[in-house]
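Numbers restart at 1 for each chain; the letters A, B, ... are given by sequence-line order, proteins then strands. In this text, all values refer to a predicted model and were calculated from it rather than measured experimentally.
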Amino acid sequence: MAIALRTLFRFGPLIFAFGFLAPLIAQIIEALEVTPPFGLAPLTVGLVLAGVLGLAAQLRGRWV
Amino acid sequence: MSELASKSHAELMRIERDIARRHIGKFPWLAVTWALTNLTVWLSLWPLVLMGIIPLWIGFIIATLNVMLSYLPSHEAQHDIIALPGARLRWLNELVGHLSTIPLVLPYRVAKLTHLEHHKHANDPALDPDHGTSARGPLHAIWKSILNRQPGNKNAYGDTLVRIGRPDVALDFIAYELIFYGTLFTLAWTGFALEAALLWWLPRHIALTYIQYYLSWAPHHPATEQGRYRNTRSFRSILGNIGSMGMQYHVIHHLHPRIPLYRTPKAYWEMKPVLEARGARVDEL
């Protein structure tokens, strides 16, 4: 249990990125009625953007 | 003041305690009503927004105010102001303590134990769990508050719980975090990411910055001195006493933590000559 929790918190930025930021970005795109480039689905854009942000935060230890 | 300056330490202490005693022991209806109303309003926002009864932007503004207002009733409970241990209404003290900070995702036991350590060691860089909020000025204080929440940062509250031999209480923190993020993720992946972001996630970040600014940074700035009369101060806020959540008179709270928040201004003006005679930092107000 302790190991599972430690792992969870250790990868917090990536988990937050895919758990929350990705669908949030997708739903912002839909709410603004923006058409993503190259025919990408809003969720694909969300996953890519959130993945990049989350990976950067994971490596740097900070979002800002 | 000149009359008081000639008095002994014991006489000054007696006068100070007599004033404090007049303000302690009054039942803080405001804190109890505030806690329960605030939580009810915040919880009501969810069905109201999800069912489209009120627009999300209005929900966001109200939720932000709710989360900003969620800490202080718990703070009254942390100091047993609603009811002392063993008193008939002790359950209400603990209920307010536990319920009011739910929107802030701050467990009562974590808040209480670390806050009492803050009182014991205010401005001690090694032992004050809130010392991380010290900053050069207002903008730096806001930036420090944001930086302190970054994932790579050390958790001062967790370290404090370990230091005082209560690492078990950190489990409350873990449970709150799991529930908070679990709720956010579930809402986000079921099509309610914007609602989750604007009713809880962003309001919480705004509120944490505001609370740390006014409850921690401003009353202790520059946070370099320790000691009963020097570790905090009175100050004049551009948002006034209500806009700074009653923190202009924070010096009274540190000297006599069982005085309810709503009585600190009155106690301050009555006690000010004594505080001046003591060399307290009360020159701004």
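- Counting heavy-atom neighbours within 6.0 Å of Arg60(A) CZ, excluding the residue itself, gives a total above 12.
- Within a 6.0 Å sphere centred on CZ of Arg10(A), other residues, nucleotides and ligands contribute 12 heavy atoms or fewer.
- At a 4.5 Å heavy-atom cutoff, the contact between Ala31(A) and chain B is made by side-chain atoms alone.
- Using a distance-only test at 3.5 Å, with no hydrogens or angles considered, a donor-acceptor pair links the side chain of Gln27(A) to the main chain of Ala188(B).
- Only the side chain of Ile146(B) comes within contact range of chain A, with heavy atoms under 4.5 Å apart.
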* To do: Determine, step by step, whether Phe16(A) and Tyr181(B) satisfy the side chain to side chain contact (heavy atoms under 4.5 Å, CB included) criterion, reporting the C-alpha distance in whole Å, the side-chain angles of both residues, the deciding distance to 0.1 Å, and the verdict.
  => CA-CA 8 Å; Phe16(A) 182 76; Tyr181(B) 286 108; 3.7 Å; yes

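- For Leu8(A), the part sitting under 4.5 Å from any heavy atom of chain B is the side chain, from C-beta outward, and nothing else.
- One distance of note links CG of Leu198(B) with CG of Leu24(A); it measures 8.0 Å at 0.5 Å rounding.
- Checking side-chain atoms of Trp63(A) against main-chain N and O of Gln150(B) turns up no donor-acceptor pair under 3.5 Å.
- Heavy-atom minimum distance, Ala22(A) versus Trp189(B): CB-CZ2, 4.5 Å.
- With a 4.5 Å cut-off on non-hydrogen atoms, Ile15(A) touches chain B through its backbone and its side chain both.
- Within 6.0 Å of CG on Leu32(A) lie more than 12 heavy atoms contributed by other residues, nucleotides or ligands.
- When all heavy atoms of Ile174(B) and Phe9(A) are compared, the closest pair comes out as CG2-CE1, 4.1 Å.
- Heavy atoms of Leu5(A) lying under 4.5 Å from chain B belong exclusively to its side chain.
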